[in-house]
Amino acid sequence: MAGKPIGIFDSGIGGLTVFRSIAEKLPEYDYIYLGDNSRAPYGNRSFNTIHQYTWECVQWLFKMDCQLIILACNTASAKALRTIQQKDMQALDPTKRVLGVIRPTAEVIGKYSKTKEIGVLGTTGTVQSASYLLEIEKFFPDLKVYQQACPLWVPMIESGDYEKPEADAIINLYLYELMRQSINIDTILLACTHYPLIQDQIKANLSPNINVIAQGDIVAQSLANYLQRHPKMDGQLSRNGTKQFFTTDDTKEFDRHASRFFSAPVTSSFVSVTEFSCK
Ligand code: DGL
């Protein structure tokens with residue numbers, strides 16, 4: 001059978017933190033990663049814009065023969081996934097699947113906390129959607145969840161400025177705002193796939209007994225479980241262990257970031273967003 005890869009989508013480089021975990025856990029499958037870097041960040045954009053951009057990227061990944069797509073972006077999962085699953089996909093091809101990262105994370109996050117008080121750091125879009133509050137409540141009704149939006153973090157990470165010493169002040173700003181909501185928070189979820197890129201700096205600015213949880217391994221485990229439960233989908237996916245990378249912006253900059261995540265250097269290809277609007 002011709003290649004039927006798994007598509008992994010993010011607004012930019014953040015989804016690579018999830019892709020790395022998925023590729024480690026399930027190395028035999030073929031993957032196409034698409035980063036919409038030229039339109040990132042999504043986090044401060046309107047519902048309609050996030051939906052439109054995400055749906056365009058999803059359709060492009062379908063054209064590339066992906067059968068199954070992971071939105072490795074919390075903002076897209078919070079703002080666009082439901083409409084894509086319930087409306088857009090029905091009109092297109094209901095046998096294909098698009099999955100997000102919020103539900104699998106909500107299913108397990110309560111297990112990490114002893115105090116039963118956790119913090120969720122995300123983009124403005126993710127926080128305002130209240131998706132984590134609603135989803136976590138279904139699985140851990142006793143858990144107290146405090147949220148904090150961090151609108152300056154994604155632009156700082158996409159631009160590479162997080163590597164500069166001044167980044168610490170911007171990192172601290174939102175950690176302070178979160179931690180002042182409750183002294184009992186013992187677990188912080190990085191509910192934006194860009195944030196693991198600054199995970200060490202985040203940890204360095206917090207008391208050492210606070211767990212800082214990235215989603216990569218959680219999403220990878222959840223995908224492995226999904227494929228086991230859905231043998232028909234699993235049977236359609238090709239397995240040559242290949243990884244292709246596409247970005248809607250500068251490929252060199254993308255490769256520089258992406259190569260840190262994988263053992264071999266990454267060479268991405270450019271795809272113009274003007275291609276997305278051609279029906
Ligand atoms: N990585 C995306 C997320 O998980 C970042 C969104 C953005 O582009 O602002 O939410």
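Computation of the quantities below employed the complete heavy-atom set of this structure, encompassing side-chain atoms and omitting hydrogens, waters and symmetry-equivalent molecules. Counting starts at 1 for both ligands and their atoms, in listed order.
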Can you tell me which portion of [X] lies within the under-4.0 Å heavy-atom range of ligand 1? Options are side chain, backbone, both, or neither.
X    : answer
C192 : both
D10  : side chain
T123 : side chain

Under-4.0 Å salt bridge between E163 and R260: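 Counted as a salt bridge, because a side-chain N and a carboxylate O are separated by less than 4.0 Å.
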Test: K96 and D65 ion pair at under 4.0 Å: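 Here K96 does not pair with D65 in a salt bridge, since their nearest N and O are not under 4.0 Å apart.
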Q215 and N74: side chain donor to acceptor below 3.5 Å: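 Short answer, yes.
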R39 versus Y53, side-chain donor and acceptor atoms under 3.5 Å: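 Absent: no donor and acceptor within the cut-off.
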Ligand 1 to G43 polar contact by distance, N or O atoms, under 3.5 Å: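 Such a contact does occur with ligand 1.
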Within-cut-off N or O pair, T126 and ligand 1, under 3.5 Å: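 Between T126 and ligand 1, no N or O pair is found under 3.5 Å apart.
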Nearest-neighbour protein heavy atom for atom 10 (O) of ligand 1, which is reported as residue plus atom name and distance: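 Result: T75 OG1, 2.6 Å.
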Which residue and heavy atom of the protein sit nearest atom 7 (C) of ligand 1, plus the separation: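 In this structure, atom 7 (C) of ligand 1 has Y42 N, 3.2 Å as its nearest protein heavy atom.
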Whether C73 lies under 4.0 Å from ligand 1, heavy atom: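 It does; at least one heavy atom falls under 4.0 Å.
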Inter-residue atom distance M156.CE - D161.CG, 0.5 Å rounding: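 Separation between the atoms: 8.0 Å.
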Atoms of ligand 1, numbered as shown, that sit under 4.0 Å from any heavy atom of H194: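 Selected atoms, number and element: 1 (N), 2 (C), 5 (C).
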N74: numbered ligand 1 atoms lying under 4.0 Å from its heavy atoms: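 Counting atoms of ligand 1 from 1, those under 4.0 Å from N74 are 3 (C), 4 (O), 10 (O).
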Sole residue of Y162, Y174, W153 in ring pair (Phe, Tyr, Trp, His ring centres under 6.0 Å) with Y195: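 Exactly one pass, corresponding to W153.
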Mutual orientation of the aromatic rings belonging to W60 and F246 [parallel < 30°, tilted 30-60°, perpendicular > 60°]: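 The rings of W60 and F246 stand perpendicular, inter-plane angle above 60°.
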